[in-house]
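Worksheet: the structure to be examined is printed underneath.
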Amino acid sequence: MNQHFDPCLPDGDLPDDLTAFAQRIRAFAAEKLAPFAREIDERRIFRREMVADLAAAGILGGPLLPAHGGAGWSALQLALAHEEIGAVCGNARGFLAVQTGLVAQCLERFGSEAQQAHWLPRLSSGTAIGSFGLTEEDAGSDVVALGCRATRDGDGYRINGHKIWNTNGGIADVTLVFATVDPAAKRDGITAFLVETDRPGFVRKDMDGVDLGHRGSSHARLEFEDVAVGPDAVVGGIGRGFEVAMGGLHAGRLSVAAGAVGIQRAALACAREHCRTREQFGRSLDRFQMVQERLADMTVELLASRALVHRCAARRDAGIEHAGDLAAAKLYATEAASRAADQAIMLLGGRGYSSAAPAERLLRDSLGLRIYEGTSMIQKGLLARALNDG
Ligand SMILES: Cc1cc2nc3c(=O)[nH]c(=O)nc-3n(C[C@H](O)[C@H](O)[C@H](O)COP(=O)(O)OP(=O)(O)OC[C@H]3O[C@@H](n4cnc5c(N)ncnc54)[C@H](O)[C@@H]3O)c2cc1C
């Protein structure tokens, strides 16, 4: 029998080297991220020092191949890192997912040698910040509807259009932007371009309104007004942008799901501790059966989410991953994250309703995870397709 039951930590299920890995990321998150997690959310500021800290700890470059100066993390290591960071600071995790997952790893997979040589050292050292520009006003889940246009100009292109919800967009040095070279060709016209943000005609603006969660992140509207780029800006080839975008999002879903495991564990940890120490009607809350039931449900969903994530990671490491596996993990873990944070708020009572406790931030952040990199409905569609097509 287990001598100690702690569902919040993955350590008991891991071999020693991975336990040590998770503990190292946990110690980093506790020292460098936790002290600022509430403040950056409340003040809605992106903390630039965080980038240097993530780089110095080897986290920005961790997933990249050793040939590109990275540590060559396995998918399981990537998932553990996102769980640990996601448990503490959704803004740091979101930054990392875009910087390393959607930009650097996309370049590693689809970029030219010159693009890799120039950008990967900068992205992994944090001396350059990257963003990923797919979503537009009229093109969200329906990516193929994008209207950003790249027209031929000599041997290069001129880009016109806009992007919204661009994470890191307000501070990015470079953006991986998706535009069509031929709207009639639909998905076969979509092309990925790597655009430096100091190019004439590039404009960034604040998004309208105040974000519900991820408030310590930089979300921007990007506008392209005749932005000229050379042929060397194309990533993956003309007409291959849809493949580049889907490759990035497909890979990124593992880190979103792992981040959702982090949210669940943070919600369970704070609810459990509160219920252990708070007394009402002469006994601690965790002696009441209805409270116990809620904690038990949170525990099962956390363990199930982590199992799904680790299953995906193991399959990716074995080279047998399927989009259906990732859709199941992202769907279940992110939806369970909202349920867990919601329960944590209830169990904390009035204290849960204040930013003095992390539960309400966890709930607000969890909703973002259910929307970006494919909404929950889109994940269900992917699962249906996987079931139909095998
Ligand atoms: C915090 C945050 C960060 C983000 N960061 C980035 C980023 O860095 N880069 C980027 O490009 N984008 C980013 N996004 C945008 C995000 O990817 C989109 O919001 C998302 O893909 C959904 O698109 P949409 O908002 O246009 O919603 P829509 O696609 O209009 O969807 C609206 C609703 O309709 C449903 N729906 C749509 N199509 C279907 C369908 N076929 N079947 C069933 N239901 C459907 C959706 O599930 C949703 O409930 C970010 C969003 C958020 C909230």
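Everything quoted here is computed from the prediction, not taken from an experiment.
By the 6.0 Å contact criterion, CG on D138 is open, its count of non-hydrogen atoms from other residues, nucleotides or ligands being 12 or less. Within a 6.0 Å radius of CG in D317, more than 12 heavy atoms belonging to other residues, nucleotides or ligands are found. For D389, the CG atom counts as densely surrounded, since its 6.0 Å shell holds more than 12 non-hydrogen atoms of other residues, nucleotides or ligands.
Note on D41 versus R215: no salt bridge recorded, every NZ/NE/NH1/NH2 to OD/OE distance being 4.0 Å or above. Ion pairing between R315 and E321 fails under the 4.0 Å rule for side-chain N and carboxylate O. Using a cutoff of 4.0 Å between basic side-chain nitrogens and carboxylate oxygens, E373 and K330 are not scored as salt-bridged. For R221 and E137, the salt-bridge test passes: some basic side-chain N is under 4.0 Å from an acidic carboxylate O. Comment: R311 engages D325 in a salt bridge, judged by a side-chain N to carboxylate O separation of less than 4.0 angstrom. R26 has a carboxylate O that lies under 4.0 Å from a charged side-chain N of E84, or vice versa, which qualifies the two as a salt bridge. The pair K205-E223 meets the salt-bridge criterion, with a side-chain N (NZ, NE, NH1 or NH2) lying under 4.0 Å from an Asp/Glu carboxylate O. Between R364 and E360, at least one side-chain N (NZ, or NE/NH1/NH2) sits under 4.0 Å from a carboxylate O, which counts as a salt bridge. Classification of R272 and D6 as a salt-bridged pair holds, one side-chain N sitting under 4.0 Å from a carboxylate O.
Under the 4.5 Å side-chain heavy-atom criterion for Ile, Leu, Val, Met, Phe, Trp and Tyr, L176 and L120 are members of the same hydrophobic cluster. L254 and I371 fall into different hydrophobic clusters, where Ile, Leu, Val, Met, Phe, Trp and Tyr residues are linked whenever their side-chain heavy atoms come under 4.5 Å apart, directly or through other members. Side-chain heavy atoms closer than 4.5 Å link hydrophobic residues (I, L, V, M, F, W, Y) into clusters, and following such links, possibly through other members, connects V291 to L302. In the hydrophobic clustering of this structure, F202 groups with V234; members are Ile, Leu, Val, Met, Phe, Trp, Tyr whose side-chain heavy atoms approach within less than 4.5 Å, directly or through other members. Residues L268 and L348 are members of separate hydrophobic clusters, defined by side-chain heavy-atom contacts under 4.5 angstrom among Ile, Leu, Val, Met, Phe, Trp and Tyr.
Taking the six-membered ring for Trp and the full ring otherwise, the centers of F178 and F193 sit at least 6.0 Å from each other.
Using cut-offs of 30° and 60° for the angle between ring planes, the W73 and F21 rings count as perpendicular.
When atom types are taken as modelled, the side chain of Q77 and the backbone of S74 share a donor-acceptor pair closer than 3.5 angstrom. For the pair S376 (side chain) and L331 (backbone), a donor-acceptor distance under 3.5 Å is absent. In this structure, the side chain of R199 engages the main chain of A228 through a donor-acceptor pair within 3.5 Å. At distances below 3.5 Å, not a single donor-acceptor pair connects side-chain atoms of E42 with backbone N or O atoms of E39. Side-chain atoms of S218 come within 3.5 Å of backbone N or O of G170 as a donor-acceptor pair. Under a 3.5 Å cut-off, the side chain of R287 and the backbone N or O of R276 do not form any donor-acceptor pair.
Of the residues Q115, R240, R109, the one that meets the side-chain contact (heavy atoms from CB on, under 4.5 Å) test with V235 is Q115. When each of T197, N168, T175, D173 is checked for a side-chain hydrogen bond (donor to acceptor under 3.5 Å, both in side chains) with S131, only T175 meets the rule.
We find the CZ-OG1 distance between F242 and T180 to be 12.5 Å, quoted to the nearest 0.5 Å.
Here the closest heavy-atom approach between residue A341 and residue L362 is recorded as CB-C, 3.8 Å. The shortest non-hydrogen separation linking A340 to M298 is O-CE, 3.4 Å.
Between L383 and Q379 there is no side-chain heavy-atom pair separated by less than 4.5 Å. Using a 4.5 Å heavy-atom cutoff, the side chains of M50 and F46 are in contact. The side-chain heavy atoms of R93 and S255, taken from C-beta on, include a pair separated by under 4.5 Å.
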Stepwise side-chain contact (heavy atoms from CB on, under 4.5 Å) test for T167 and Y372: CA-CA 10 Å; T167 302; Y372 56 64; 5.9 Å; no
side-chain contact (heavy atoms from CB on, under 4.5 Å) between V227 and R158, intermediate numbers included: CA-CA 5 Å; V227 176; R158 283 191 180 268; over 6 Å; no
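Side-chain atoms of T100 and Q105 include no donor-acceptor pair closer than 3.5 Å.
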